[in-house]
Protein chains: 2
Amino acid sequence: MTTIYDISKATGFSPTTVSKALNDYSDVSEKTKQIILKKASEMGYIPNSHARILITKKSWTIGILFDEKLNIGMKHPYFNAIIESFKENVESRGYDLLFISKDLGGNRTTYLDHCIIRGIDGVIIITSHPNNEQIIELINSDFPCVLIDNECNRKSSIHSDDVRGCYLAVEYLYSLGHRKIAHIYGSKDTFAGNVRLNEFINSLKKFNLPKIDEYLVDGGYFSFDGGYNAMKKLLELEDLPTAVFTAGDFMAVGAISAIKEKGLRVPEDISIIGYDDLDICKYVTPRLTTIKQNTDLIGKNAADILINEIDKKICRTSMIIPVELVVRDSCKPIK
Amino acid sequence: MTTIYDISKATGFSPTTVSKALNDYSDVSEKTKQIILKKASEMGYIPNSHARILITKKSWTIGILFDEKLNIGMKHPYFNAIIESFKENVESRGYDLLFISKDLGGNRTTYLDHCIIRGIDGVIIITSHPNNEQIIELINSDFPCVLIDNECNRKSSIHSDDVRGCYLAVEYLYSLGHRKIAHIYGSKDTFAGNVRLNEFINSLKKFNLPKIDEYLVDGGYFSFDGGYNAMKKLLELEDLPTAVFTAGDFMAVGAISAIKEKGLRVPEDISIIGYDDLDICKYVTPRLTTIKQNTDLIGKNAADILINEIDKKICRTSMIIPVELVVRDSCKPIK
DNA sequence: ATGAAGCACGAAATGGGTTTCGAAGTTTTA
DNA sequence: TAAAACTTCGAAACCCATTTCGTGCTTCAT
């Protein structure tokens with residue numbers, strides 16, 4: 001490995017001057033710069049980031065703390081879309097992305113310790129269970145953070161406009177003539193599950209629809225099976241709903257499967273509307289009508305927020321991203 | 001930030017002894033160790049990994065070089081499954097995962113430079129186009145690498161048993177009575193596309209089936225659209241195939257869509273068999289019969305291979321992972 | 001001619017650890 | 001009781017880059 005000392009010896013200039021030339025300082029003559037740069041290139045000089053980070057305190061690394069309940073990790077199609085967008089944006093601004101896990105070098109460390117040990121500049125927190133002790137510790141620290149799909153008065157956060165999303169779903173079903181609308185909600189210990197359940201109920205009110213407790217079913221952690229099982233419960237009811245709004249697309253697909261299994265049809269007998277707009281919506285039969293969360297924008301803005309915070313330009317930001325209704329084939333006017 | 005020098009002052013022992021106590025050296029008395037460890041914990045000491053890496057040359061970081069043609073990055077359901085499995089396994093062994101992008105701190109760097117600058121211990125290469133100049137540079141270096149879904153005589157590699165996978169697909173279709181079997185292949189400038197095309201042809205021979213050139217269609221980079229367009233070409237043929245083997249599940253779903261659009265049915269009119277066993281197979285209609293690639297095993301073994309190489313236990317490994325036929329609803333005996 | 005200003009460069013401190021080797025002090029052995 | 005063998009500890013070198021501050025030299029204005 002070539003170091004600035006090697007270049008120093010080779011050119012006769014001091015390591016100081018070499019460093020300055022490499023960093024384009026103005027107090028090095030153009031001639032000297034050229035000599036040093038040429039020699040550095042000849043010798044295949046590559047800077048050692050750890051030495052630099054040690055003294056500059058800036059690692060050009062952003063941590064990604066990702067922990068979700070389904071235990072499918074990167075396979076999660078909603079979160080990985082956000083991560084992809086975040087990654088692209090953060091990389092284009094010169095940062096590298098490092099996964100923050102709990103163990104490092106075999107020793108037990110907390111998330112916060114891990115961030116400090118690695119000297120990362122900031123961290124994006126993507127988690128469905130923000131009540132985790134270690135995450136709370138991180139949020140309460142003064143480490144630059146941005147929370148995805150959560151709210152918190154100590155840290156920056158970004159999430160979709162679920163108020164409007166739920167309203168759009170109910171409005172659409174209402175406009176198709178549906179009055180008996182059920183909701184398969186995401187687990188109440190997730191932020192999204194909670195908010196969407198509340199906003200579903202609020203939206204019902206706006207259309208003067210009654211809140212019927214049996215039409216509110218827990219679909220767990222947004223999984224296919226959760227939606228399937230929840231739908232089965234709904235199908236046992238005497239008075240079936242004519243439409244079901246699920247808090248996530250996977251649950252919607254599961255619900256459709258339960259409905260088909262019962263011998264009913266979607267959307268002829270029951271309309272289904274999902275939430276997320278995962279790729280899968282286009283491939284299932286019927287193609288799923290849903291509320292689209294703009295993962296590109298969420299990821300991009302999360303990057304902006306975090307980097308602004310790292311650069312001390314902005315202290316804290318709360319951002320809400322628009323959603324939209326995507327009409328496909330899983331909803332139909334009531335007969 | 002507490003340093004070993006702070007602990008040194010607070011306890012009266014030299015920084016050397018503090019460092020040794022923290023690292024459990026045997027030439028520090030038990031009593032001294034206890035005093036130092038206690039004080040370190042009191043003072044909230046957290047080691048600085050950059051200082052340590054600078055001298056030990058071991059960063060406990062593994063790079064992930066991920067570059068695929070569809071430009072969907074982490075959203076790619078096959079690659080992200082491998083990454084997830086790889087991630088879990090390297091993390092459990094104390095390594096952190098860092099994405100290797102091309103730009104670092106705003107300066108243009110190659111993949112290899114990036115790896116060296118960051119001082120990572122090894123890198124996993126997941127790419128659909130291994131002929132990229134920068135990737136070749138990396139492969140030709142002596143940096144510890146493991147290639148996913150590729151083969152190379154200079155570096156370790158791991159991929160599925162495509163020879164058997166293609167045979168299984170053809171055998172299954174043959175056993176259902178199909179004799180006119182088409183293949184939608186993945187782009188020839190991908191490893192998987194190439195191998196599967198060749199092995200499809202080889203498998204035909206094994207069953208004494210003729211190779212018909214019109215039945216071999218390029219499906220591009222394994223996308224839905226690629227499969228859709230390729231299938232459209234097949235459907236223009238006078239003598240339609242009774243079964244189609246696609247080199248990837250996405251292409252299979254696209255193909256099904258084209259068949260339906262034409263007014264034909266799957267599997268009644270045309271049987272379709274995919275490759276990969278993505279989650280989506282379970283959710284499309286008809287549920288997709290496919291060849292399952294074991295992403296868990298690929299990721300896990302890639303981790304083992306790479307870490308063994310980093311630890312200098314093994315120089316180079318080529319590994320092939322078994323595949324299996326997963327029968328669902330998209331194939332049917334010929335009428 | 002002289003003091004001031006500007007330019008080009010380098011010595012040395014800094015960041016936070018690890019590791020080698022030597023030196024005391026203590027215990028064991030002959 | 002002297003020599004040998006352990007224990008326990010620390011000085012100092014090292015890893016590789018950055019940055020402050022000072023120095024010598026040249027150029028300019030007076």
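Chain A is the first sequence line, chain B the second, and so forth, proteins listed ahead of strands; every chain is numbered from 1.
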Handout entry: Polar side chain donor-acceptor pair, A:Asp149 to A:Tyr78, under 3.5 angstrom
Key = yes
Practice task
If a pair satisfies side-chain hydrogen bond (donor to acceptor under 3.5 Å, both in side chains) and one of its residues is in residues 68-77 of chain A, list it, with sequence neighbours excluded.
Solution key: none
Completion exercise
Residue pairs passing the salt bridge (Lys or Arg N to Asp or Glu O under 4.0 Å) test with at least one member in residues 119-128 of chain B, sequence neighbours excluded, are none
Completion exercise
First and last nt of DNA chain D near chain B, cut-off under 4.0 Å to heavy atoms, 5' to 3', are D:dT8 to D:dC16
Practice task
List the atom of B:Cys145, the atom of B:Ser156, and the distance in Å for their closest heavy-atom pair.
Solution key: O-CB, 3.8 Å
Exercise for the section: List for me each residue that meets salt bridge (Lys or Arg N to Asp or Glu O under 4.0 Å) alongside A:Asp6, sequence neighbours excluded, and say none if there are none. Expected result: none
Taking only nitrogen or oxygen atoms into account, show me every contact under 3.5 Å that the protein makes with nucleotides 15-18 of chain C, one pair per line with its distance.
| residue | atom | partner | partner atom | Å |
| --- | --- | --- | --- | --- |
| C:dG15 | O3' | A:Lys57 | NZ | 3.1 |
| C:dG15 | N2 | A:Ala51 | O | 3.4 |
| C:dG16 | OP1 | A:Lys57 | NZ | 3.2 |
| C:dG16 | N2 | B:Ala51 | O | 3.3 |
| C:dG17 | OP1 | B:Tyr45 | OH | 3.4 |
| C:dG17 | OP2 | B:Ile4 | N | 2.9 |
| C:dG17 | O5' | B:Tyr45 | OH | 2.9 |
| C:dG17 | N7 | B:Tyr5 | OH | 2.6 |
| C:dG17 | O6 | B:Tyr5 | OH | 3.2 |
| C:dT18 | OP1 | B:Asn23 | ND2 | 3.4 |
| C:dT18 | OP1 | B:Arg52 | NE | 2.9 |
| C:dT18 | OP1 | B:Arg52 | NH2 | 3.4 |
| C:dT18 | OP2 | B:Ser19 | OG | 2.6 |
| C:dT18 | OP2 | B:Asn23 | ND2 | 3.0 |

Practice task
Look up atom CD1 in A:Ile62 and atom SG in A:Cys115, then write down how far apart they are to the nearest 0.5 Å.
Solution key: 11.5 Å
Handout entry: Pair B:Lys313 + B:Asp304, salt bridge at N-O below 4.0 Å
Key = no
Practice task
Starting from the first five and the last five pairs of the helix from C:dA1-D:dT30 to C:dA30-D:dT1, work out the angle between the resulting helix axes, to 10 degrees.
Solution key: 50°
Exercise for the section: Return yes if some donor-acceptor pair links the side-chain N/O of B:Thr127 with the main-chain N/O of B:Asp67 below 3.5 Å, else return no. Expected result: yes
Problem - Members of residues 30-43 of chain B that approach DNA chain C, where some heavy atom sits under 4.0 Å away - result: none
Exercise for the section: Would you mind listing every salt bridge (Lys or Arg N to Asp or Glu O under 4.0 Å) that reaches into residues 10-31 of chain B, with sequence neighbours excluded? Expected result: B:Lys20-B:Asp27, B:Asp24-B:Lys33
Handout entry: Which atom of B:Ser29 lies closest to which atom of B:Thr32, heavy atoms considered
Key = OG-OG1, 2.7 Å
Practice task
Find the distance between CZ (A:Arg154) and CG (A:Asn140) and round it off to the nearest 0.5 Å.
Solution key: 5.0 Å
Exercise for the section: Heavy atoms only: give me the nearest B:Ile100-B:Gly63 pair and the separation to one decimal. Expected result: CG1-CA, 3.9 Å
Which pairs, protein N/O on one side and nucleotides 25-28 of chain C N/O on the other, fall under 3.5 Å?
none

Problem - From B:Ile64 atom CD1 to A:Leu98 atom CG, the distance as rounded to the nearest 0.5 Å - result: 12.0 Å
For nucleotides 4-7 of chain C, print each protein N/O atom paired with a nucleotide N/O atom at under 3.5 Å, atom names and distance only.
none

Exercise for the section: Give a yes or no on this: more than 12 heavy atoms of other residues, nucleotides or ligands lie within 6.0 Å of atom NZ of A:Lys58. Expected result: yes
Handout entry: Any pair counted as salt bridge (Lys or Arg N to Asp or Glu O under 4.0 Å), so long as it reaches residues 37-47 of chain B, sequence neighbours left out
Key = B:Lys38-B:Glu42, B:Lys39-B:Glu42
Exercise for the section: Quick one: list whatever passes side-chain hydrogen bond (donor to acceptor under 3.5 Å, both in side chains) with A:Thr56, sequence neighbours left out. Expected result: none
Practice task
Spell out, as yes or no, whether a donor-acceptor pair under 3.5 Å connects the side chain of A:Thr109 to the backbone of A:His114.
Solution key: no
